[in-house]
Trainee: 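One structure, pasted below without further comment.
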Amino acid sequence: MATPVRSNNRLSLAMERTDQWIFSQDIPTDVVVVVCEARFSLHMFMLVAKSNYFRKLILESKEPVLTKIDLSEIPGGPQIFEKAAKFCYGVNFEITVHNVAALRCAAEYLQMTDLYCDNNLAGRTEDFLAQVALSSLSGAIVVLKSCEDLLPMAEDLRIVQRCVDVISLKACNEANFPSRTPPNWWTEELSILDIEFFGIILSRMKKRGSNALTLASALITYTERNLRDLVRDHSGKCTKSSDSDDPGLYARERELLQSIVSLLPSEKAAFPINFLCCLLRTAIFVRASNSCKNELENRISVMMEHVTVDDLLVMSFTYDGERLFDLDSVRKIISGFVEKEKSMAVFGGGDLKESYPVAMHKVAKIVDSYLGEIATYPELTISKFNGIAILVPKGARKFDDDLYRAIDIFLKAHPNLDEIEREKVCSVMDPLKLTYEARLHASQNKRLPVQIVLHALYYDQLKLRSGADDQPDAAATRSQLQSDVSLVRENEALRSELMKMKLYVSEMQKNQGSSTKGASTTSGSRKHSFFSSMSKTLGKLNPFKHGSKDTFHIDDNSGVDITKPRRRRFSIS
């Protein structure tokens with residue numbers, strides 16, 4: 001609300017100054033010119049001397065005496081009309097780069113041209129434009145900025161076109177041969193313009209031969225200045241929140257961002273990857289159009305091998321860094337990169353499954369490290385975690401140590417997962433691709449499901465048995481591991497049944513002295529029933545009733561007793 005007050009104050013001061021140089025003529029005023037809220041008491045004969053507009057009003061008026069004229073539509077408003085009136089009265093005033101475009105438009109509106117009167121206001125402003133305002137890059141930018149409120153008249157008078165020509169030419173020269181420091185000072189000057197004018201200048205610079213890096217430099221500076229609160233490094237402390245459902249929230253920023261993205265040069269490598277990631281995070285935050293987000297995602301996926309973990313985190317967290325914000329864009333970027341690599345492999349006549357490029361290995365390591373960073377957040381579900389992990393082909397990981405680290409962090413941050421859920425989390429990892437240090441850690445990790453621990457232990461045993469140079473068959477190894485896991489589960493079930501029996505017997509002994517004969521009979525019946533069922537359970541769970549699996553190949557006539565199992569690692573005692 002402070003701006004209208006300042007505007008009214010300026011109008012009051014302008015009218016007071018006008019009264020001073022009007023009343024100094026000692027001739028009563030005969031016409032009141034109204035411009036918006038301002039009222040100017042003037043002399044018609046002074047206005048007619050310079051303005052053909054007022055002359056026509058008098059000639060075409062049906063009133064005998066024209067005492068009031070409304071000029072609220074004059075370009076520039078009251079401040080510019082005051083200067084035009086001063087020019088009619090011969091009072092000096094200053095023409096600057098800030099008001100010359102408005103004065104030129106007002107002169108055209110009031111028909112104060114040289115055709116009506118020599119050395120009129122239109123000629124004076126044209127001379128200032130040519131000799132002063134458009135002689136420098138900074139002056140031309142200020143004049144073009146002032147034209148934003150003077151459309152379409154400023155375009156009809158070719159002020160905009162002349163400014164664009166001067167700016168594009170001088171900006172290209174500064175980009176190639178800097179005359180000031182820092183060398184990109186001209187990009188700061190351009191950032192004050194409206195996005196429409198800014199886009200016109202970039203287009204004109206491109207036609208003049210500016211390369212993509214020059215245009216990208218100007219776009220980066222413009223974006224950082226005009227979206228300062230949104231486009232920043234992820235370490236910037238910003239408390240903005242995207243929880244609001246108001247569709248009109250950040251409408252201006254959304255339109256501006258979409259316009260900026262539409263101006264990006266076609267050369268995808270012209271921009272730093274962290275800048276593109278910040279743009280994408282902003283697009284997600286302001287709810288930009290799908291086409292805008294898709295364009296940024298495609299640009300990032302092309303350069304995925306240059307992305308850092310911090311860049312991915314920029315897109316994933318809210319501005320305060322307290323919670324996960326968006327994972328869909330990260331999934332699309334990784335998926336786009338993998339599809340690009342597959343297409344390149346097919347185009348090159350190779351097979352991506354046989355040999356993965358270095359870029360794929362690098363991206364796999366980045367993705368695994370990224371999963372380790374976001375695994376601590378409670379809102380990260382198993383499906384989202386696995387959905388990102390499986391985007392990278394398993395063959396692209398030389399070792400699964402980084403993925404194992406991410407899984408371990410996830411299990412530690414989600415302690416309430418049951419055995420099935422923990423197995424689901426670990427399903428994206430191949431335990432046989434862990435290094436010795438990782439397998440050693442996994443074998444002692446109580447958070448891992450039993451199956452993964454067995455994989456780690458059994459792999460080391462196979463290596464010891466077969467020697468360092470012999471590699472066991474993967475299918476046979478997994479089959480053997482599945483058998484061992486089944487045996488462990490049977491043993492666990494048997495221990496559970498035995499524990500239940502011990503507890504039941506102990507409870508019966510305590511209640512034996514106080515129980516009645518009928519109760520004793522009932523208990524005996526239940527006891528008999530329990531032991532009968534227990535006997536059946538033990539019969540089903542006995543893993544050795546057909547003999548040891550290591551002796552099943554011995555003939556029955558050899559005289560060897562195969563009913564006695566050899567000592568096994570997983571005992572039921």
Trainee: As a quick check of understanding, evaluate side chain to side chain contact (heavy atoms under 4.5 Å, CB included) for M112 and C88, giving each step before the final call.
Mentor: CA-CA 9 Å; M112 300 174 65; C88 294; 3.6 Å; yes

Trainee: For a 4.5 angstrom cut-off between non-hydrogen side-chain atoms, does L417 reach F410?
Mentor: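 They are in contact (side-chain heavy atoms under 4.5 Å apart), so the answer is yes.
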
Trainee: Is there a donor-acceptor pair under 3.5 Å between the side chain of S51 and the backbone N or O of L47?
Mentor: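 Here the side-chain-to-backbone pair does not exist.
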
Trainee: Counting only heavy atoms not in K424 (residues, nucleotides, ligands), do more than 12 fall under 6.0 Å from its NZ?
Mentor: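 Counting other residues, nucleotides and ligands, NZ of K424 stays at 12 neighbours or fewer.
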
Trainee: Looking only at heavy atoms, which two atoms of M429 and L434 are closest? And how far apart?
Mentor: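 Minimum heavy-atom contact is SD-CD2, 4.1 Å.
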
Trainee: With heavy-atom distances below 4.5 Å as the criterion, would you say the side chains of I141 and I192 are in contact?
Mentor: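 Result yes, sub-4.5 Å side-chain heavy-atom pair found.
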
Trainee: Are the side chain of T187 and the backbone of S217 linked by a donor-acceptor contact shorter than 3.5 Å?
Mentor: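 No, T187 side chain to S217 backbone: no donor-acceptor pair under 3.5 Å.
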
Trainee: Could you check S72 against D70 for side-chain hydrogen bond (donor to acceptor under 3.5 Å, both in side chains), going step by step and ending with a plain yes or no?
Mentor: CA-CA 6 Å; S72 297; D70 189 354; 2.7 Å; yes

Trainee: Go through it in stages, so that I can follow the logic: the residues are L312 and C277, the test is side chain to side chain contact (heavy atoms under 4.5 Å, CB included), and I'd like the CA-CA distance, side-chain angles, deciding distance and then a yes or no.
Mentor: CA-CA 7 Å; L312 295 180; C277 291; 5.8 Å; no

Trainee: Can you list every ring pair (Phe, Tyr, Trp, His ring centres under 6.0 Å) pair that touches residues 206-229, not counting sequence neighbours?
Mentor: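 Sorted pair list: F198-Y222.
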
Trainee: Measure the spacing between SG of C278 and CD1 of I220 and express it to the nearest 0.5 Å.
Mentor: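 Answer rounded to 0.5 Å: 10.5 Å.
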
Trainee: Quick one, L264 and V261 - any side-chain contact, counting heavy atoms below 4.5 Å?
Mentor: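 Heavy-atom side-chain distance check passes, below 4.5 Å.
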
Trainee: Treating S191 as the side-chain partner and E188 as the backbone partner, does any N or O pair qualify as donor plus acceptor under 3.5 Å?
Mentor: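 A pair under 3.5 Å: yes.
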
Trainee: Under the ring pair (Phe, Tyr, Trp, His ring centres under 6.0 Å) test, which residues partner F197, sequence neighbours left out?
Mentor: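 Applying ring pair (Phe, Tyr, Trp, His ring centres under 6.0 Å) to F197 gives none.
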
Trainee: Donor-acceptor pair, distance only, cut-off 3.5 Å: does the side chain of S203 make one with the backbone of G199?
Mentor: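 No, the answer is negative, given that no donor and acceptor are paired below the 3.5 Å cut-off.
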
Trainee: For residues V100 and V97, report the shortest heavy-atom separation together with the two atoms involved.
Mentor: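 So the minimum-distance heavy-atom pair works out to CG1-O, 3.9 Å.
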
Trainee: Could you give the distance from CG (L202) to CD1 (I167), rounded to the nearest 0.5 Å?
Mentor: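 The CG atom of L202 sits 11.0 Å away from the CD1 atom of I167.
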
Trainee: Can you tell me how far apart CD (E126) and CD1 (I159) are? Round to the nearest 0.5 Å.
Mentor: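 CD1 of I159 is found 7.0 Å from CD of E126.
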
Trainee: With a 3.5 Å distance limit and no angle check, can you tell me whether D165 reaches the backbone of R162 through a side-chain donor-acceptor pair?
Mentor: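 Absent.
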
Trainee: Would you give me the side-chain donor-acceptor pairs under 3.5 Å for residues 118-125, sequence neighbours excluded?
Mentor:
from, atom 1, to, atom 2, distance (Å)
N120, ND2, K50, O, 3.0
N120, ND2, T113, O, 3.0
T125, OG1, L121, O, 3.1
T125, OG1, A122, O, 2.8

Trainee: Determine whether a donor-acceptor pair (N or O, by modelled atom type, separation under 3.5 Å) exists between the side chain of K362 and the backbone of E305.
Mentor: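 At least one qualifying donor-acceptor pair exists.
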
Trainee: Just by modelled atom types, is the V302 backbone N or O under 3.5 Å from a matching donor or acceptor in the K340 side chain?
Mentor: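 Yes, K340 side chain to V302 backbone: donor-acceptor pair under 3.5 Å.
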
Trainee: Whether the side chain of E174 engages the backbone of S179 through a donor-acceptor N/O pair (distance < 3.5 Å, no angle test) should be reported.
Mentor: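 Present.
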
Trainee: How about NZ on K365, more than 12 heavy atoms from neighbouring residues, nucleotides or ligands closer than 6.0 Å, or not?
Mentor: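 No, the 6.0 Å shell around NZ holds no more than 12 heavy atoms from other groups.
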
Trainee: Considering residues, nucleotides and ligands other than F93, do more than 12 of their heavy atoms fall under 6.0 Å from its CZ?
Mentor: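 Correct, the count exceeds 12.
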
Trainee: Heavy-atom distance under 4.5 Å between the side chains of Y370 and I388, does that happen here?
Mentor: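 They are in contact (side-chain heavy atoms under 4.5 Å apart), so the answer is yes.
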
Trainee: Report the C-alpha distance between I407 and F385 in whole Å, list the side-chain angles of each, state the deciding distance to 0.1 Å, and finish with yes or no for side chain to side chain contact (heavy atoms under 4.5 Å, CB included).
Mentor: CA-CA 9 Å; I407 291 173; F385 181 89; 3.9 Å; yes

Trainee: Return the set of residues passing side chain to side chain donor-acceptor pair (under 3.5 Å) with T214 (not counting sequence neighbours), or none when no residue passes.
Mentor: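 In terms of side chain to side chain donor-acceptor pair (under 3.5 Å), with neighbours along the sequence ignored, T214 is linked to N211.
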
Trainee: Would you say that I69 contacts F54 through its side chain, given a criterion of any heavy-atom pair below 4.5 Å between the two side chains?
Mentor: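 I69 vs F54: side chains touch.
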
Trainee: Do K86 and E82 sit within salt-bridge range, that is, some charged N less than 4.0 Å from a carboxylate O?
Mentor: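 Here K86 pairs with E82 in a salt bridge, since their nearest N and O are under 4.0 Å apart.
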
Trainee: Keeping the roles fixed (side chain from N99, backbone from E94), state whether a donor-acceptor pair exists under 3.5 Å.
Mentor: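 Judged by distance alone, yes, a pair lies under 3.5 Å.
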
Trainee: Go through the steps for S291 and S289 under the test side-chain hydrogen bond (donor to acceptor under 3.5 Å, both in side chains), then give the verdict.
Mentor: CA-CA 5 Å; S291 60; S289 63; 3.2 Å; yes

Trainee: For the residue pair S427 and K394, what are the closest heavy atoms and their distance?
Mentor: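 Shortest heavy-atom contact: O-NZ, 4.0 Å.
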
Trainee: Pick one: which of V367, D368, D408 meets side-chain contact (heavy atoms from CB on, under 4.5 Å) with L403?
Mentor: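 So the option named by the test is D368.
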
Trainee: Enumerate the residue pairs fulfilling ring pair (Phe, Tyr, Trp, His ring centres under 6.0 Å) with a member in residues 145-189, sequence neighbours excluded, ordered by first and then second residue.
Mentor: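 Ring pair (Phe, Tyr, Trp, His ring centres under 6.0 Å) check on residues 145-189 returns no pairs.
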
Trainee: Which heavy atom of S136 sits nearest a heavy atom of K170, and at what distance?
Mentor: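 Distance-wise, the nearest heavy atoms are C-CD, 3.9 Å.
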
Trainee: Test side chain to side chain contact (heavy atoms under 4.5 Å, CB included) on N226 and T223 and set out the steps.
Mentor: CA-CA 5 Å; N226 290 276; T223 304; over 6 Å; no

Trainee: Any idea which heavy atoms bring L215 and M205 closest together, and the distance?
Mentor: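 Heavy-atom minimum between the residues: CD2-CB, 4.1 Å.
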
Trainee: Does any part of the side chain of C105, heavy atoms only, come nearer than 4.5 Å to the side chain of L157, both counted from C-beta?
Mentor: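 They are in contact (side-chain heavy atoms under 4.5 Å apart), so the answer is yes.
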
Trainee: Do the non-hydrogen side-chain atoms of F128 and R104 ever get within less than 4.5 Å of each other?
Mentor: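 Heavy-atom side-chain distance check fails, nothing below 4.5 Å.
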
Trainee: How many angstroms lie between atom CD of E253 and atom CG of L227, to the nearest 0.5 angstrom?
Mentor: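 Spacing of CD (E253) from CG (L227) equals 6.5 Å.
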
Trainee: Around R405, counting heavy atoms of other residues, nucleotides and ligands shown, do more than 12 lie under 6.0 Å from its CZ?
Mentor: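 No - once you tally the heavy atoms of other residues, nucleotides and ligands closer than 6.0 Å, there are 12 at most.
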
Trainee: Can you tell me how far apart CD (E373) and CG (L313) are? Round to the nearest 0.5 Å.
Mentor: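 Interatomic distance, E373 CD to L313 CG, rounded to 0.5 Å: 5.5 Å.
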
Trainee: Would you say the side chain of K342 lies within less than 4.5 Å of the side chain of M360, judging by non-hydrogen atoms?
Mentor: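 A side-chain contact is absent here, since even the closest heavy-atom pair is not under 4.5 Å.
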
Trainee: Between S301 and N298, does a side-chain hydrogen bond (donor to acceptor under 3.5 Å, both in side chains) hold up when you go through it step by step?
Mentor: CA-CA 5 Å; S301 65; N298 292 335; 4.7 Å; no

Trainee: So, the side chain of D401 versus the backbone of T435: is there a donor-acceptor pair under 3.5 Å, distance only?
Mentor: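 Checked: pair present.
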
Trainee: Just distance, no hydrogens or angles: give the donor-acceptor pairs under 3.5 Å from side chains in residues 147-156, sequence neighbours left out.
Mentor:
from, atom 1, to, atom 2, distance (Å)
E148, OE1, K145, NZ, 3.1
E148, OE2, D194, N, 2.7

Trainee: Heavy atoms only: give me the nearest L144-L193 pair and the separation to one decimal.
Mentor: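 Looking at all heavy atoms of both residues, the closest pair is CD2-CD1, 4.0 Å.
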
Trainee: Could you measure the distance from the CG atom of L280 to the CD1 atom of I300? Nearest 0.5 Å is fine.
Mentor: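 Going from CG on L280 over to CD1 on I300, the span is 4.5 Å.
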
